Amino acid sequence: MKRSLTGTRFTSQTGILQLMDDLGKALSGSRKKYMLGGGNPAILPEIAAAWRREMRALLEDESRFDRAVGQYDTPQGRPAFLKAITGMLNREYGWDLTEEHVAVTNGSQSAFFMLFNLLAGPGEDGIDRKILFPLMPEYIGYRDQAIWSQDFRAFLPRIERIDEHRHKYHVDFDALEVDDDVAAICVSRPTNPTGNVLTDGEVARLSALAKEKGIPLIIDNAYGTPFPNIIFTEVRPVWDEQIILCMSLSKLGLPGARTGIVIANPDVIGAVSAFNAISSLAPGGVGAALALELIRSGEIIRLSREVIKPYYQQKAEQAVTQLRGELEGVDFYIHKPEGALFLWLWFRGLPITCQELYDRLKQRGVLVVPGHYFFPGLTEAWRHKQECIRVTYSQEEAVVEAGLRIIAEEVKRAYL
Ligand code: PLP
């Protein structure tokens, strides 16, 4: 097959492809695997029961079901869902959103594809614009999204050592430069892979920088408030006409429904709708139909606060406690877990690369993600990139416990 340049770019070995491949193989193979690599949320009994209940209610309401599966939504999404989402956000946060401020996409992953390529790349004015990631490390899924491969710019963090084994990354505002060729600033909050949550102060400064430059600030809220609320610190959610807030139903337990939600000014929403129309006519409506009543009633917020958040917070604490015990004697740091499903482990002076550690762990049936994939747009060499791995703690207790034990064994072996 003769491939176009775009075809070659999107079919070469990408980080996200390796991750999804390993995830699929791990789930389908017969050998015992400890799946600490992927981004699958846990299947929580109370949440799964809520989705099954909503599915039954949808099936029983024949006209609602027939419309949900038998009709295309508009390229912006189904009006009733757009209304429910804006109503919920306005009630919760006192925002002033209308249906013109929201669009649905087939997962938030595809929203990033649209947004990055809407904004970055060569423009009619001859300027080749970039998406700026102000805080490394950042989500692996951004890495290969730009059709023009050079469209990212990234900045190293300031590392705060909280104590002997805990650290936190901060935006290094002294080093950060937002040049005229920057199309947008983008952060995930909580951050995948680190579990970091940018402080309100950091978000306010980034937002002010974006305003000053007249560019959007994209905030990836896949784990944030009000749902799924996998966030362990108190932060203030923000939105204004300069901010593009991306949300998702995936970490609520619906990754199979592929439903992303973009909250932005009507100009951006018009563009996302146009991309939707071209790439898929309309976003899938089943996830939105399932979630509609839970969003209208606010029940989704209660479930997120009372069931989802405590589950992950407890899992995070348990994993940290175990690792602190098992890694005794190793010069390691764990990023302060403030949200999302992951622990970010930094092994200072690790004598092998994180890719090698990944390979050794894979041999033993443990899947993690090597840290070096989480630096989209960072061109400079930085040893730190090779000293970290991302570990998912969302899976069942026995799996996480056994996986962490093997990780600690292999890390210790690497230092011998
Ligand atoms: N953003 C972040 C930070 C993520 O971790 C993920 C998935 O893991 C996504 C976006 C994409 O999620 P989805 O396309 O399932 O909405």
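In listed order, ligands and their atoms are each counted from 1. All figures in this text were calculated on a predicted structure; none of them were measured in a lab.
In terms of polar-atom proximity, Tyr142 is not counted as a contact of ligand 1, lacking any N or O under 3.5 Å from an N or O of the ligand. An N or O contact shorter than 3.5 Å is missing between Ser110 and ligand 1 by distance. Taking any N or O of Asp220, backbone or side chain, at least one lies under 3.5 Å from an N or O belonging to ligand 1.
For the residue pair Tyr169 / Trp344, a side-chain donor-acceptor distance below 3.5 Å is found, with atom types taken as modelled. A donor-acceptor contact under 3.5 angstrom links the side chains of Gln314 and Gln318, judged on distance only. Using a 3.5 Å distance cut-off with no hydrogens or angles, the side chains of His170 and Glu160 do pair a donor with an acceptor.
Listed by atom number, the atoms of ligand 1 under 4.0 Å from Tyr223 heavy atoms are 3 (C), 4 (C), 5 (O), 8 (O). Listed by atom number, the atoms of ligand 1 under 4.0 Å from Gly107 heavy atoms are 14 (O), 16 (O). Listed by number with element, the atoms of ligand 1 under 4.0 Å from a non-hydrogen atom of Arg258 are 13 (P), 14 (O), 15 (O). The contact set between ligand 1 and Ala222, taken as ligand atoms under 4.0 Å from a residue heavy atom, comprises 1 (N), 2 (C). Set against the non-hydrogen atoms of Asn192, the atoms of ligand 1 under 4.0 Å away are 3 (C), 4 (C), 5 (O).
Among protein heavy atoms, atom 15 (O) of ligand 1 sits closest to Ser250 OG, 2.6 Å. At the top of the distance list for atom 12 (O) of ligand 1, counting protein heavy atoms only, stands Ser108 OG, 3.3 Å. With respect to atom 6 (C) of ligand 1, the closest heavy atom belonging to the protein is Tyr139 OH, 3.3 Å.
Nearest heavy atom pair, residue Tyr393 against residue Ala319, reads CB-CB, 4.3 Å. Here the closest heavy-atom approach between residue Val197 and residue Glu338 is recorded as N-OE1, 2.8 Å.
The ring pair (Phe, Tyr, Trp, His ring centres under 6.0 Å) with Tyr142 is formed by just one residue from the set Phe133, Phe152, Phe375, Tyr373; it is Phe133. In summary, of the residues considered (His165, His167, Glu387), a side-chain hydrogen bond (donor to acceptor under 3.5 Å, both in side chains) with Trp346 occurs for Glu387 alone.
Across the listed options Arg189, Lys251, Gln109, Lys251 owns the non-hydrogen atom lying nearest to atom 7 (C) of ligand 1.
Using a non-hydrogen distance threshold of 4.0 Å, Ser248 registers as a contact of ligand 1.
A centroid separation of 6.0 Å or more is found between the aromatic rings of Trp95 and His101.
The closest donor-acceptor contact from the side chain of Asn90 to the backbone of Leu97 lies under 3.5 Å.
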